[in-house]
Amino acid sequence: MGKQEDFVLRALEERDVRFVRLWFTDVLGYLKSVAIAPAELEGAFDEGIGFDGSAIEGFARVYESDMLALPDPSTFQILPWRADGPSTARMFCDIVMPDGSPSYADPRYVLKRTLARAAERGFTFYTHPEIEFYLFKQPPGPGEEPVPVDRSGFFDHTAQSMGADFRREAISMLEAMSISVEFSHHESGPGQQEIDLRYADALSTADNIMTFRTVIREVALSQGIYATFMPKPFTTHPGSGMHTHLSLFEGDQNAFYEPDGEYHLSETGRRFIAGILRHAPDISIVTNQWVNSYKRMMFGGEAPSYVCWGHNNRSAMVRVPMYKPAKGASTRVELRSIDAAANPYLSYAVVLAAGLKGIDEGYELPREAEDDVWALTERERQSLGIDPLPRSLNEAIAVAERSEMLAEVLGENVFDFLLRNKRAEWDDYRGQVSAYERDQMLPVI
């Protein structure tokens, strides 16, 4: 065993850890957990913990079900919400087959494989997510409108605010787990919050996002309220996105920075953006994987519906933030389409793959969108070459089915499962009779 494994085994004794939760993520982005006793951990480091992969969405068919969860000691943390009694710890796992080879259905491996391709070109991929979510007074029942915990708006500061108290406790828990928070504030919807995590390499960020969602739900439950990352819980209020700032580094040099480039953006940065733009429709099924995702993207505001980029233009899908003098290392691009409910491992994998394809194949960056894209007419957008993103999950499925790039980065297992699952979701959705239909038709037909 290495130094990291030894550190974990010592920490188990020093911190009186009685349970170790091994975490991993299925293809749809749901967190899974297996608890083991500390005495079993040394064996888990050496051999993994066996489980039935056919029980996990997208992992395996019944006849190839045996899999192993191999804990990553670098992700060891004590769970702060289990602090009253003996401690509980967690570690993320890599999923492997009985022969030790990686499971191609493991979303964490999909991201690690894509990061390795970037590393072959000398790049390290960094991400910085801004995560939005809603707080409700209780989980809504079937057919009920959820009740938000407040009626505040963007950046509102109110005395004895439940949202402010919630954010303070959530941030304390996140920092207790070594997850650094950069900003937090009330968002524009009633009960809507935003917490931004600091820059980290993409694998650490994806692990942090999975932890973040768990912490947010745990804190909400402890306060007698309910948290949701649903992309669009209200018809008349904004949805919840996960705007993510992206950058590539070559060693300690920001590959997106060019002192003399327009907006100080290098050719590498421009081609990376061009790759994301060209393949944005292909990857929508990953970055916006739910039927509800496309309702978030219908009405403008903070959620893009069109494939375009702009300098400091918040109506664009990709934004190049304002350059800070003497801070070339901070040069980055912001992708505004990703949902708060997306699988972060697969989302960052497909975004990185699209950007790398733009670099490798020398894509030319199209003309920037200088206007409010939503204020333009459809004809004006067409004349500027601004195409729409898929307008529904069904359209996203149709585009994804034809995408060689998406199939390559996800791998056959994940690609096939995702398409099957999303077709089933769409078929189930389109067969439902909605309250809108009843309200509009029953009185007059």
Side-chain angles (χ1 to χ4, degrees), residues 123-132 154 181-185 187-188 194-202 205-206 208-209 231 238-249 254-258 261-266 268-280 283-284 286-288 293 296-297 300-324 327-340 342 344 347-356 358-359 365-366 368-374 386 389:
F123 295 129
T124 305
F125 184 43
Y126 289 93
T127 55
H128 156 59
E130 303 172 349
I131 311 171
E132 298 171 341
F154 196 66
V181 172
E182 189 167 42
F183 299 113
S184 70
H185 59 84
E187 257 295 332
S188 54
E194 178 178 311
I195 298 178
D196 303 354
L197 305 185
R198 285 194 182 277
Y199 256 99
D201 66 276
T205 303
N208 288 345
I209 291 168
S240 293
M242 187 168 68
H243 301 166
T244 300
H245 297 253
L246 316 166
S247 60
L248 289 179
F249 272 69
N254 189 333
F256 286 178
Y257 175 63
E258 172 57 55
E262 186 179 19
Y263 308 136
H264 304 281
L265 197 62
S266 68
T268 296
R270 297 176 69 83
R271 289 180 174 178
F272 189 90
I273 296 172
I276 291 176
L277 296 178
R278 184 175 300 191
H279 296 289
I283 66 177
S284 283
V286 176
T287 58
N288 310 93
S293 300
R296 169 186 163 242
M297 303 169 74
E302 298 289 311
S305 282
Y306 296 93
V307 180
C308 59
W309 75 282
H311 173 57
N312 223 26
N313 183 346
R314 282 179 163 78
S315 72
M317 189 190 83
V318 177
R319 181 175 77 95
V320 179
M322 188 178 299
Y323 170 72
K324 296 179 180 179
K327 288 191 175 181
S330 69
T331 303
R332 63 200 186 278
V333 300
E334 179 190 17
L335 178 60
R336 301 174 65 80
S337 52
I338 305 178
D339 283 341
S347 294
Y348 290 157
V350 297
V351 169
L352 174 59
L356 290 176
I359 294 170
L365 186 62
E368 97 173 87
E370 298 178 347
D371 302 309
D372 179 353
V373 179
W374 282 97
I386 299 175
L389 285 162

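Residues: numbered from 1 along the sequence shown.
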Verdict with supporting geometry, Leu389 and Asn288, side chain to side chain contact (heavy atoms under 4.5 Å, CB included): CA-CA 11 Å; Leu389 285 162; Asn288 310 93; over 6 Å; no
Met317 and Ile276: CA distance, side-chain angles, deciding distance, side chain to side chain contact (heavy atoms under 4.5 Å, CB included) verdict: CA-CA 10 Å; Met317 189 190 83; Ile276 291 176; 4.0 Å; yes
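Judged by distance alone, the side chain of Trp309 and the main-chain N or O of Ala274 form no donor-acceptor pair under 3.5 Å. Under a 3.5 Å cut-off, the side chain of Arg296 and the backbone N or O of Ser337 do form a donor-acceptor pair. Judged purely by atom type and a 3.5 angstrom limit, Asn208 has no side-chain atom pairing as donor or acceptor with the backbone of Leu197. Of the possible donor and acceptor atoms, none in the side chain of Asp201 sits under 3.5 Å from a partner among the backbone N and O of Thr124.
Side chain to side chain, Asn254 and Thr331 fail the donor-acceptor criterion of an N or O pair below 3.5 Å.
One distance of note links CG of Leu246 with OH of Tyr126; it measures 14.0 Å at 0.5 Å rounding. Atom NE2 of His243 and atom CD of Glu132 lie 5.5 Å apart (nearest 0.5 Å). In this structure, CD1 on Ile338 lies 4.0 Å from OG1 on Thr244, to the nearest 0.5 angstrom. Note that OG1 of Thr127 is 13.0 Å distant from CZ of Arg332, once rounded to the nearest 0.5 Å. With values rounded to the nearest 0.5 angstrom, Phe272 atom CZ is found 6.5 Å from Leu356 atom CG. Between the CD atom in Glu368 and the CZ atom in Arg270 there is a gap of 8.5 Å [rounded to 0.5 Å].
When side chains are defined from C-beta on, Ser330 does not count as touching Tyr199, because their heavy atoms never get closer than 4.5 Å. You'll find the side chain of Pro129 reaches within 4.5 Å of the side chain of Thr205, heavy atoms only. A 4.5 Å side-chain heavy-atom check between Leu248 and Leu352 finds at least one atom pair inside the cut-off. Counting heavy atoms from C-beta outward, Met242 and Ile209 have side chains that approach closer than 4.5 Å. Here the side chains of Leu265 and His311 are not in contact, with every heavy-atom distance at 4.5 Å or above.
When all heavy atoms are compared, the tightest approach of Gly269 to Phe256 is CA-CD2, 3.5 Å. For the pair Ala316 and Gly310, the tightest heavy-atom approach, listed with the atom from each and the gap, is CB-N, 3.7 Å. Closest non-hydrogen pair, Ser188 versus Pro238, comes out as OG-CG, 3.3 Å. Of all the heavy atoms in Ser347 and Thr287, the pair that sits closest is OG-CA, 3.9 Å. Closest approach of Asp339 and Pro231 over heavy atoms only: OD2-CG, 3.7 Å.
Ring orientation note: the planes of His128 and His245 are tilted relative to one another, at an angle of 30° to 60°.
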